[in-house]
Amino acid sequence: MNLVNGINLWKTYNMGEGIQVNALRGLNITVNEGEFISIMGPSGSGKSTLLNLIGGLDTPTKGDLFIDDKKISTMTEKELTTMRAEKIGFIFQTFNLLPSLTVRDNVEFPMRNLTGAKKMDKKSRIKRAEDCLEIVGLDHRMNYLPAKLSGGERQRVAVARALVNHPKFILADEPTGNLDSEASDNIINLLHEVNQEGTTVIMVTHDKETTKNTRILKIRDGVIES
Amino acid sequence: MFDIAFKDLTSKKSRTIMVIIGVMTCVLLIGVISFITYEITDAIQVDANSIAGKLVFETNGTGYPPSGSNIPENVSNQVLADSVVNPDKSSAIILAALPHNSTTTTFLMGLNPGSEQAFINSTQVTGTDSLVGQSNNSVILGYQAAKDYNVTVGDTFTVKNEQFKVVGVLAKQGIGTTSLQDESVIAALPFVQNFAQRPDLVTADIITPNNGVSLGNAQNTLQNNYGNNTYVVYTQKDALQSLSSTESGTFIFLDMIIAMVIIVSAILIMVVMMMSVKEKTREIGTMRALGTSRRRILLLIFYESLIISVLGGIIGIILIIPLYDLFIYLAGGGALGYIYSIPLSILLEVAIVVLFIGSFSGLIPAYQAMRISPIEALRYE
Ligand SMILES: Nc1ncnc2c1ncn2[C@@H]1O[C@H](COP(=O)(O)OP(=O)(O)O)[C@@H](O)[C@H]1O
Ligand SMILES: [Mg+2]
């Protein structure tokens, strides 16, 4: 089954004064459940734009995008928000942990965004957060504030945070871009572990090293080359 | 989101503390000003109440208290002898300013001995509340007057070469600022006429209607028989109006300060919250990307401004009494450490103001925060 199915996706940014930038130009993409995808391409080729669309952070200017068989290209902001909370785990190049919250609270945070039947009480949220921190090997850092952690540790917290809601897939935009090679290996290994458990991973990367055992998609000028 | 709002605030300690101090200062100002307004209002009420059920016969246009009024003694006597007047509970009075070395004013209040009740009413007294059978220079002091001259029953004090002998001291009226009675030195009428060098003149008549005569009837009768255009007959209501209009400028001024303070503190919180929302654009974008709804982002910022203003408000309310205490002390009244109790109405007013400031000033920043796009989370500089 296709987890992601994008057909003829266009994304046009209006820069004002009639100037338009086409970040995506009729891009097609399919991702199957359980895959580990690496998206590569030169700077400005539209990698982040594509990830924003798949992650429901933005909607395409033209074209159809299906996630989990649901058409998200025409979803409302509210529906997209719910989808992000329930189905997607995000990992950012700059970690993006919430600085005033401890490691535990950061990992617990996405579970607060669950609504309806998926809502969890505080106790089970904390239990789940601690379990996920154990998976990434940071159970000894639970009460730390993010500022006290190294870059590699912060990104591991981000991986734990991406996992807590049992997402359909994890989106990672250059997750190793700010890390040294050891920390980088560590994160990639973690992502593979997660992938082995059945979670689909879609990662943007510049580093060929990180793409071993993944399906590589090359983007150039807003379309997928190969 | 409440706990996160709280943690956000504690992670930016110095800024949060500064804003809280700002709000606290505003609340303090509002509280103290409201307190002053409250006390002035109370004192006005006490003054007006002291002539409840009575009439004041005085020169037209002098208002209340009738300090500028002058009535020839024979006119006064005619009025007091009228059949609508209860002679036992009515009296001519003469009012003269009495100098001393404090900031408050003291009045020398001359009354016919035996008719002191027309002015003293039911105020508690130490010593005697009657000048009947006392020596010529005997006086009964109001609460504030006794303080100003620093005397008690049995003492004497001298003003303008005249020696006064204290035979009674009255308790304080009401809880507000000092009333006319509090500031009075009550003496026998002829003594005051002599002291003020105004023989054959009185200031006003305080009149209680005779049994079976209504206040309105008595007022009309006296006005028609003796008023002409020269004299008027005041009721409690007229006195209240006169007293209030004297203070109305003060009230408007104080209300304007309160309004300004509310605006300043609302803007203060708003600007700080807007700055903080701008600073947290990436964080808020991240929350949105992780699936936090707009509504809950709105709540987060709203809670932050509410927490700041409520904390500032609580500290402010706690400090109102000590500050007011200090204020009164510096203004020359009372000793430091006198505990005033805050009336519930002021607490309520301050609480409403605090909630208003907190919620109003959070609105625009919260709206700004709500509109931050989740894409902000991925924007790298
Ligand atoms: N919010 C935006 N407004 C205008 N142009 C944008 C915006 N985001 C991206 N772009 C433009 O779209 C193109 C693709 O950008 P992006 O997807 O970020 O590329 P990549 O991640 O591959 O470096 C670039 O030319 C970029 O300048
Ligand atoms: Mg990019």
Chemist: Checking side-chain contact (heavy atoms from CB on, under 4.5 Å) for the pair B:Thr292/A:Phe109: CA distance, chi angles, key distance, verdict?
Modeler: CA-CA 9 Å; B:Thr292 305; A:Phe109 182 80; 3.2 Å; yes

Chemist: Evaluate the criterion side-chain contact (heavy atoms from CB on, under 4.5 Å) for residue pair B:Arg282 and A:Thr94; output intermediate values, then yes/no.
Modeler: CA-CA 10 Å; B:Arg282 161 82 64 86; A:Thr94 45; 3.0 Å; yes

Chemist: Does B:Met275 CE have over 12 foreign heavy atoms under 6.0 Å away?
Modeler: yes

Chemist: Between CD1 of B:Ile4 and CD of A:Glu108, what distance do you get to the nearest 0.5 Å?
Modeler: 7.5 Å

Chemist: Taking atom NZ as the centre, does A:Lys122 end up with more than 12 heavy-atom neighbours from other residues, nucleotides or ligands that are less than 6.0 angstrom away?
Modeler: yes

Chemist: Is it true that, when you exclude A:Phe66 itself, more than 12 heavy atoms of the residues, nucleotides or ligands shown sit nearer than 6.0 Å to its CZ?
Modeler: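 Correct, the count exceeds 12.
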
Chemist: Is the number of heavy atoms from other residues, nucleotides or ligands under 6.0 Å of B:Leu323 CG greater than 12?
Modeler: yes

Chemist: Looking at every non-hydrogen atom in both residues, tell me the closest pair between A:Phe92 and B:Ala289 and how far apart they are.
Modeler: CZ-CB, 4.1 Å

Chemist: When only pairs under 4.5 Å are counted, which of B:Lys280, B:Arg288, B:Glu283 shares the most heavy-atom pairs with chain A?
Modeler: B:Arg288

Chemist: In Å, rounded to the nearest 0.5 Å, how long is the span from NZ of B:Lys7 to CG of A:Leu101?
Modeler: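 With rounding to 0.5 Å, NZ (B:Lys7) is 6.0 Å from CG (A:Leu101).
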
Chemist: Are there more than 12 heavy atoms of other residues, nucleotides or ligands under 6.0 Å from atom OH of A:Tyr13?
Modeler: yes

Chemist: Is atom CD of A:Glu209 surrounded by more than 12 heavy atoms (other residues, nucleotides or ligands) closer than 6.0 Å?
Modeler: no

Chemist: Report which part of A:Asn165 has an atom under 4.5 Å of a heavy atom belonging to chain B: side chain, backbone, both, or neither.
Modeler: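 Contact with chain B involves no heavy atom of A:Asn165 at all.
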
Chemist: Looking at chain B, which one of A:Leu145, A:Thr102, A:Asn52, A:Leu97 has the largest number of heavy-atom pairs inside 4.5 Å, strictly under?
Modeler: A:Asn52

Chemist: Between A:Ala85, A:Pro110, A:Gly56, which residue shows the highest count of heavy-atom pairs closer than 4.5 Å to chain B?
Modeler: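 It is A:Ala85.
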
Chemist: Could you tell me the separation between the CZ atom of B:Arg296 and the OG1 atom of A:Thr81, rounded to the nearest 0.5 Å?
Modeler: 11.5 Å

Chemist: Quick one: what part of A:Glu86 sits under 4.5 Å from any heavy atom of chain B, side chain, backbone, both or neither?
Modeler: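 Contact with chain B: none, neither part.
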
Chemist: Between OG1 of B:Thr286 and CZ of A:Arg161, what distance do you get to the nearest 0.5 Å?
Modeler: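 If we round to the nearest 0.5 Å, B:Thr286:OG1 and A:Arg161:CZ are 6.5 Å apart.
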
Chemist: Where the side chain of A:Arg84 meets the backbone of B:Pro374, is there a donor-acceptor pair that is under 3.5 Å apart?
Modeler: no

